[in-house]
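Reminder, nothing fancy here: chain letters follow the sequence lines and each chain counts from 1.
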Amino acid sequence: MTEVKLEDIVSLAKRRGFIYPGSEIYGGLAGTYDYGPLGIALKRNITNLWWKMFVEDREDMYGIDSTIVMNPDVWVASGHVATFNDPLIEDVKTKKRYRLDHLLEEQGVEDVDAMTLEQMAQVIKDRRLKSPDGNELGAPAQFNMMFKTHVGPVEDDDSVAYLRPETAQGMFTNFKNVVDSFYPDLPFGLAQIGRSFRNEISPGNFIFRLRELEIMELEYFIHPGDWEGIFDAWLAAQHEWFEKLGLDASRIKEHEVPEADRAHYSKRTVDCFYDFPSLGFSELAGLAYRTDFDLKSHQEHSGKNLEYRPKDGGEAFVPHVIEPTFGLDRHVMAVLSNAYTEDEVNGEKRIYLKLPAHLAPVKVAVLPLAKNKPELVAKAREVYAMLKKELGSVMWVDTGNIGKNYRKMDEIGVPYCVTVDFDTLEGETAGTVTVRHRDTTEQKRVTIESLTKELRGHE
RNA sequence: GCGGGUGUCGUAUAGCGGUUAUUAUCCCAGUUUUCCAAACUGGUGAUCGGAGUUCGACUCUCCGCACCCGCACCA
């Protein structure tokens with residue numbers, strides 16, 4: 001089998017209504033993609049499954065939904081105002097770009113973090129600093145990864161606000177509220193699914209790096225003494241999640257992030273990679289032990305007490321947190337990539353999406369064997385109406401010929417096709433239909449009464 | 001943001017300073033068809049956007065936009 005390319009997935013996603021380029025009729029907008037009818041159905045199935053597994057099926061989880069625009073002080077406390085602002089500078093000759101602050105630190109310049117862009121530029125001038133390749137440096141430029149906006153009608157410095165670059169902070173800012181409302185025992189977690197915005201310097205690779213993205217995230221609050229065992233339990237939970245999505249275990253890889261690459265407050269971080277077509281192993285999810293950095297920082301900046309007082313009368317303390325993060329758009333891309341399959345049927349190449357039935361945007365298609373036989377169409381319509389009522393996402397298909405329709409349904413990953421033929425109408429087999437399986441193309445004849453049960457049985 | 005490349009129906013493509021803008025496929029309608037992209041007929045649908053050069057621009061020039069590759073970035 002030839003190697004699957006990302007462009008094959010992109011092409012199918014567009015052609016069949018999963019994912020379209022954003023603002024396409026106006027020439028597009030870099031880093032944005034829109035979900036079409038099948039794409040949103042697939043995405044919903046993923047988020048519903050996630051919410052069920054990580055929130056509804058557990059006793060220690062609390063879902064929340066916080067705002068995208070928050071008090072700007074949140075981003076000061078989180079460190080984003082400082083760290084999402086990267087000063088960059090260019091080697092005039094090689095056109096390579098460098099982090100200006102890193103460059104200055106390497107040159108032994110002190111207190112770089114406290115300097116303004118102008119001050120850094122002055123240092124370069126005064127010391128006549130060159131690039132690592134020994135060339136002249138251009139003018140420095142500031143890159144802010146956070147989207148800015150203004151709250152209220154006046155656009156001045158006092159009204160600046162940011163679109164959140166992650167969902168985590170909304171959970172930290174609501175930590176006290178949830179404790180006050182429910183007083184859960186430790187450990188417990190908050191969960192959120194939502195949009196985030198990052199003004200990426202270079203978005204791309206389809207929906208892998210977007211400027212507007214969705215994140216499924218948990219903040220799990222713990223006693224610091226328990227972190228190692230709980231961290232391992234979350235690693236196991238992530239793998240269970242990937243299994244539920246039907247992702248091939250051979251395409252999943254864990255990456256233990258070494259200390260040098262970790263945020264200074266994190267004691268352990270493990271990234272989960274998926275082997276995407278064309279990209280190779282790239283980040284799909286992450287698990288980080290963030291200690292008490294976030295709550296402590298918010299406590300300091302807000303002046304509010306964010307300690308947790310154990311019910312057994314023990315001493316109050318700021319809980320530590322373990323954070324499992326899942327990139328939703330990347331999950332959609334992984335599920336699509338994992339499902340994309342080419343095989344041969346009767347010597348013809350067949351492309352189909354081997355989506356797990358519980359994730360498929362359309363569960364069942366109903367087809368009359370021939371569309372110009374009114375009695376077949378009428379009976380098929382009856383079956384369709386019945387299934388639609390009971391199963392929801394059922395599709396009616398009566399264009400072209402039967403083989404063509406099967407292929408069409410294969411390509412959008414419909415697991416089962418129900419066909420009404422002449423045997424449905426008369427003889428010993430009256431009242432039966434065939435159920436065709438997507439992956440094997442094999443058919444089974446069942447009675448219409450047992451159809452729902454038959455189709456549900458495979459989920 | 002920099003350097004290089006690319007941009008024609010949904011997809012894949014042909015072509016040309018003056019065309020009714022090619023072909024295949026997909027899609028839609030009809031005929032046909034008793035199970036895996038059959039056949040026939042008809043139909044919708046494109047020169048990324050904006051300026052400029054020219055009598056005339058899809059074609060040449062400039063500016064923008066998007067995508068791809070590389071650099072850098074990815075807390």
Side-chain angles (χ1 to χ4, degrees), chain A residues 5-8 10-17 20-33 36 75 78-100 102 138-146 165-166 168 198-206 208-209 213 261-266 269 271 278 282-283 286 288 290 293 327 344-352 367-373 376 399-411 417 419-425 433-434 436-438 440-443 445:
Chain A
K5 293 263 192 282
L6 187 56
E7 58 191 82
D8 299 329
V10 176
S11 173
L12 183 139
K14 183 174 181 210
R15 194 157 31 90
R16 291 301 187 191
Y20 308 115
S23 314
E24 200 185 7
I25 62 169
Y26 289 101
L29 178 67
T32 63
Y33 281 88
W75 308 111
S78 70
H80 283 84
V81 169
T83 61
F84 253 53
N85 279 290
D86 293 337
L88 296 182
I89 196 157
E90 189 178 281
D91 179 321
V92 187
K93 200 167 180 187
T94 63
K95 301 290 185 192
K96 280 190 185 174
R97 294 209 153 218
Y98 300 94
R99 279 280 293 267
L100 178 53
H102 292 179
Q142 193 76 16
F143 282 78
N144 193 331
M145 296 275 285
M146 280 198 289
E166 60 170 38
R198 297 180 187 185
N199 215 343
E200 297 284 355
I201 295 174
S202 69
N205 289 319
F206 194 37
F208 185 80
R209 178 163 288 125
L213 58 141
D261 297 343
R262 287 199 302 262
H264 63 89
Y265 46 78
S266 175
T269 301
D271 289 337
S278 300
S282 309
E283 191 176 348
R290 299 173 63 92
F293 173 81
E344 273 195 12
V345 173
N346 302 331
E348 292 266 4
K349 180 170 131 181
R350 180 175 76 127
I351 293 172
Y352 69 106
L367 318 75
L369 183 61
K371 66 172 169 174
N372 65 342
K373 296 286 185 290
L376 282 181
T399 59
N401 63 52
I402 190 74
K404 216 166 175 173
N405 290 335
Y406 285 149
R407 294 295 178 89
K408 219 149 98 178
M409 294 302 100
D410 289 343
E411 209 176 15
C417 287
T419 303
V420 170
D421 58 16
F422 290 95
D423 292 340
T424 306
L425 303 177
V433 292
T434 64
R436 170 193 178 267
H437 192 270
R438 175 194 64 204
T440 61
T441 76
E442 276 166 13
Q443 286 178 289
R445 186 162 281 278

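- A distance cut-off of 5.5 Å between ring centres, combined with a plane angle under 30°, places A/F422 in a stacking arrangement with the base of B/rU34.
- Side-chain polar atoms of A/R290 and A/Y265 form a donor-acceptor pair below 3.5 angstrom.
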Each nucleotide N or O in nucleotides 25-30 of chain B that has a protein N or O under 3.5 Å away: list the pair and distance.
unit_1 : atom_1 : unit_2 : atom_2 : d
B/rC27 : OP1    : A/K408 : NZ     : 3.4

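- With rounding to whole Å, A/Y26 atom OH is found 25 Å from B/rG7 atom P.
- Listed candidates were B/rC35, B/rC36, B/rA37. Nearest to the side chain of A/V345 is B/rC36.
- With C1' as the reference atom, B/rC58 and B/rG49 are 13 Å apart, rounded to whole Å.
- Donor-acceptor pairing under 3.5 Å is recorded for the side chains of A/K408 and A/T399.
- When heavy atoms are screened at a 4.0 angstrom cut-off, A/N372 is found touching base atoms of the nucleic acid.
- Annotation: of the two residues near RNA chain B, A/H264 and A/R436, the 5′-most nearest-nucleotide partner is A/R436.
- B/rC60 and B/rU53: their C1' atoms are spaced 8 Å apart (whole Å).
- Separating the CZ atom of A/R262 from the P atom of B/rC74 is a distance of 17 Å, rounded to the nearest angstrom.
- B/rU23 and B/rG15 have their P atoms separated by 14 Å, given to the nearest Å.
- Within 4.0 Å of A/G22, counting heavy atoms only, lies no atom of the nucleic acid at all.
- Counting atom types as modelled, A/E200 pairs no side-chain N or O with a base atom of B/rC74 as donor and acceptor under 3.5 Å.
- Rounded to the nearest 0.5 angstrom, A/N401 CG and A/Y406 OH are separated by 10.5 Å.
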**Request:** Start with the C-alpha gap between A/Y20 and A/Y33, add the side-chain angles, then the distance that decides, and say whether ring-ring contact (aromatic ring centres under 6.0 Å, His included) holds.
**Result:** CA-CA 6 Å; A/Y20 308 115; A/Y33 281 88; over 10 Å; no
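- We find that CZ of A/R198 is positioned 8 Å from P of B/rA75, with the value rounded to whole Å.
- Distance check on atom C1': B/rG5 versus B/rG10 gives 25 Å, rounded to whole Å.
- Atom pair A/E24:CD and B/rG7:C1' shows a separation of 13 Å (rounding to whole Å applied).
- With respect to A/E283 and A/R209, no salt bridge is recorded, no charged nitrogen being found less than 4.0 Å from a carboxylate O.
- Checked against B/rG10, B/rC35, B/rC36, the side chain of A/D421 finds its nearest nucleotide in B/rC35.
- Taking the P atom of each, B/rC27 and B/rC68 are spaced 27 Å apart, rounded to whole Å.
- If you take CG of A/N401 and C1' of B/rU31, they are 14 Å apart, rounded to a whole angstrom.
- If you take OH on A/Y352 and OG1 on A/T441, they are separated by 9.5 Å, rounding to the nearest 0.5 Å.
- Contact annotation for A/D261: no contact, since no heavy-atom pair falls under 4.0 Å across all strands.
- The distance from atom CG of A/L6 to atom OG of A/S11, rounded to the nearest 0.5 Å, is 11.0 Å.
- Interatomic distance, CG of A/L367 versus CZ of A/R436, reported as 9.0 Å (0.5 Å rounding).
- Atoms CG (A/L376) and P (B/rU32) sit 14 Å apart, rounded to a whole Å.
- At the heavy-atom level, A/E283 lies nowhere under 4.0 Å from the strands shown.
- Atom CD in A/Q443 sits 6.0 Å away from atom OG1 in A/T419 (nearest 0.5 Å).
- Using a 4.0 Å cut-off between charged side-chain N and carboxylate O, A/R16 and A/E411 make a salt bridge.
- Sequence order on RNA chain B of the closest nucleotides to A/Y265 and A/R407 puts A/R407 first from the 5' end.
- Nearest heavy atom pair, residue A/F293 against residue A/S78, reads CE2-O, 4.2 Å.
- Between the side chain of A/S202 and the base of B/rC74, no donor-acceptor pair under 3.5 Å is found.
- Residues A/T424 and A/D421 bring a donor and an acceptor atom of their side chains to less than 3.5 Å of each other.
- Which of B/rC74, B/rA38, B/rA37 sits closest to the side chain of A/E411 comes down to B/rA37.
- Comparing the P positions of B/rG70 and B/rG64 gives an interatomic distance of 24 Å, to the nearest angstrom.
- Of the listed nucleotides (B/rA66, B/rC71, B/rC35), B/rC35 has the atom at the smallest distance from the side chain of A/I402.
- When distances run from any side-chain atom of A/E166 to the nucleotides B/rC36, B/rA75, B/rC67, the shortest one goes to B/rA75.
- Straight-line distance between the C1' atoms of B/rU54 and B/rC65: roughly 26 Å, to the nearest whole Å.
- Side-chain contact between A/P368 and A/K373 is absent, with no heavy-atom pair separated by less than 4.5 Å.
- Taking SG from A/C417 and CG from A/D410, the interatomic distance works out to 6.5 Å, rounded to the nearest 0.5 Å.
- With both ends at atom C1', the span from B/rA57 to B/rU44 equals 27 Å, rounded to whole Å.
- Distance from the side chain of A/A30 is smallest for B/rC67 among the nucleotides B/rC67, B/rU33, B/rA75.
- Side-chain proximity of A/T419 to the nucleotides B/rU32, B/rC74, B/rC35 is greatest for B/rC35.
- For RNA chain B, the stems formed by at least three consecutive Watson-Crick or G-U pairs, with both atom-pair distances below 3.5 Å, span B:1-7 with B:65-71, B:10-12 with B:23-25, B:27-31 with B:39-43, B:48-52 with B:60-64.
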Measure all distances between protein nitrogen or oxygen atoms and nitrogen or oxygen atoms of nucleotides 40-48 of chain B, and list the pairs falling under 3.5 Å.
none

